[in-house]
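To start, the structure under review is shown below, and the notes come after it.
For the single chain, residues carry numbers from 1 onward in sequence order.
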Amino acid sequence: MSQRLFPQTTRAYKAGITGVMLFAAVSIQAAPPANAVDTPTPASTPVAAGQEAPAATTPAAPSDTLLAAQLQPSNKALSDANQELLSRNAQLQRQVNDLQTQANVLVYESKGQLFLYGAFTVLISLLVGIFISWLVFVRRERW
């Protein structure tokens with residue numbers, strides 16, 4: 001019954017639920033997978049009786065740099081990408097301005113058309129009124 005009374009609300013509700021489910025599925029796919037075989041930390045490694053705990057591991061060698069440091073783009077690449085984005089932004093801004101101008105022109109044209117329709121309606125009403133009054137006065141003179 002509520003679906004018949006509020007069809008827009010039901011569609012919006014279903015679209016919202018669909019969006020939430022899609023977002024959840026995408027975020028689960030984007031999450032980094034947990035490694036099946038994790039390297040144990042020294043604190044969690046069990047030590048047998050009579051043995052010493054292993055020494056803490058040393059930090060990674062300089063040749064084993066972080067992935068982020070390896071993938072960091074150069075200044076020239078950043079500058080080129082920035083220039084490309086700035087030109088794309090300017091192009092999109094021009095398109096937005098053109099579309100706003102077109103929308104304004106359409107609004108003004110529709111207002112002009114409504115004004116013309118109103119003017120024609122008044123003119124036709126005036127002519128019909130003159131014609132009816134002429135008929136009434138001509139028939140009175142005949143009486």
Side-chain angles (χ1 to χ4, degrees), residues 1-140:
M1 167 116 180
S2 65
Q3 289 181 352
R4 282 186 254 140
L5 293 176
F6 306 109
Q8 297 294 337
T9 307
T10 305
R11 279 189 235 144
Y13 178 71
K14 288 179 181 176
I17 289 176
T18 305
V20 169
M21 291 173 62
L22 179 65
F23 177 76
V26 169
S27 63
I28 288 172
Q29 292 294 327
N35 291 338
V37 180
D38 288 334
T39 57
T41 60
S44 65
T45 306
V47 178
Q51 293 182 349
E52 291 184 37
T57 59
T58 60
S63 62
D64 297 334
T65 58
L66 295 175
L67 181 62
Q70 292 175 355
L71 297 178
Q72 187 171 5
S74 67
N75 287 339
K76 181 171 178 14
L78 287 175
S79 177
D80 292 343
N82 190 23
Q83 288 299 324
E84 181 181 338
L85 290 174
L86 286 174
S87 65
R88 179 75 174 143
N89 188 17
Q91 178 187 7
L92 291 174
Q93 189 63 40
R94 282 191 301 270
Q95 286 179 349
V96 166
N97 290 339
D98 291 343
L99 291 174
Q100 284 177 342
T101 303
Q102 288 176 0
N104 289 338
V105 166
L106 290 174
V107 167
Y108 291 133
E109 283 181 0
S110 67
K111 286 182 180 179
Q113 284 179 346
L114 289 176
F115 178 76
L116 286 177
Y117 291 154
F120 285 134
T121 303
V122 168
L123 181 64
I124 290 172
S125 300
L126 184 64
L127 291 175
V128 169
I130 290 173
F131 179 71
I132 290 174
S133 64
W134 176 75
L135 285 177
V136 169
F137 286 122
V138 168
R139 289 192 179 183
R140 274 192 184 171

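If you take CD on Gln102 and CD on Gln100, they are separated by 11.0 Å, rounding to the nearest 0.5 Å.
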Name the atoms and distances for all side-chain donor-acceptor pairs under 3.5 Å in residues 85-97, with sequence neighbours left out.
{"from": "Ser87", "atom 1": "OG", "to": "Gln83", "atom 2": "O", "distance (Å)": "3.4"}
{"from": "Ser87", "atom 1": "OG", "to": "Glu84", "atom 2": "O", "distance (Å)": "2.8"}
{"from": "Arg88", "atom 1": "NH1", "to": "Gln91", "atom 2": "OE1", "distance (Å)": "3.4"}
{"from": "Asn97", "atom 1": "ND2", "to": "Gln93", "atom 2": "O", "distance (Å)": "3.4"}

Donor-acceptor contacts under 3.5 Å from residues 115-125 side chains, at least two apart:
{"from": "Thr121", "atom 1": "OG1", "to": "Tyr117", "atom 2": "O", "distance (Å)": "2.7"}
{"from": "Ser125", "atom 1": "OG", "to": "Thr121", "atom 2": "O", "distance (Å)": "2.7"}

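Take Lys76 and apply the side-chain hydrogen bond (donor to acceptor under 3.5 Å, both in side chains) test, not counting sequence neighbours, and it matches Asp80. The side-chain contact (heavy atoms from CB on, under 4.5 Å) check on Glu109 picks up Val105, Leu106, with sequence neighbours excluded. Residues passing the side-chain contact (heavy atoms from CB on, under 4.5 Å) test with Ala77 are Pro73, Ser74, sequence neighbours excluded.
Within 6.0 Å of CG on Asn75 lie no more than 12 heavy atoms contributed by other residues, nucleotides or ligands.
Remark: the backbone N or O of Gly129 is paired with a side-chain donor or acceptor of Ser133 at under 3.5 angstrom.
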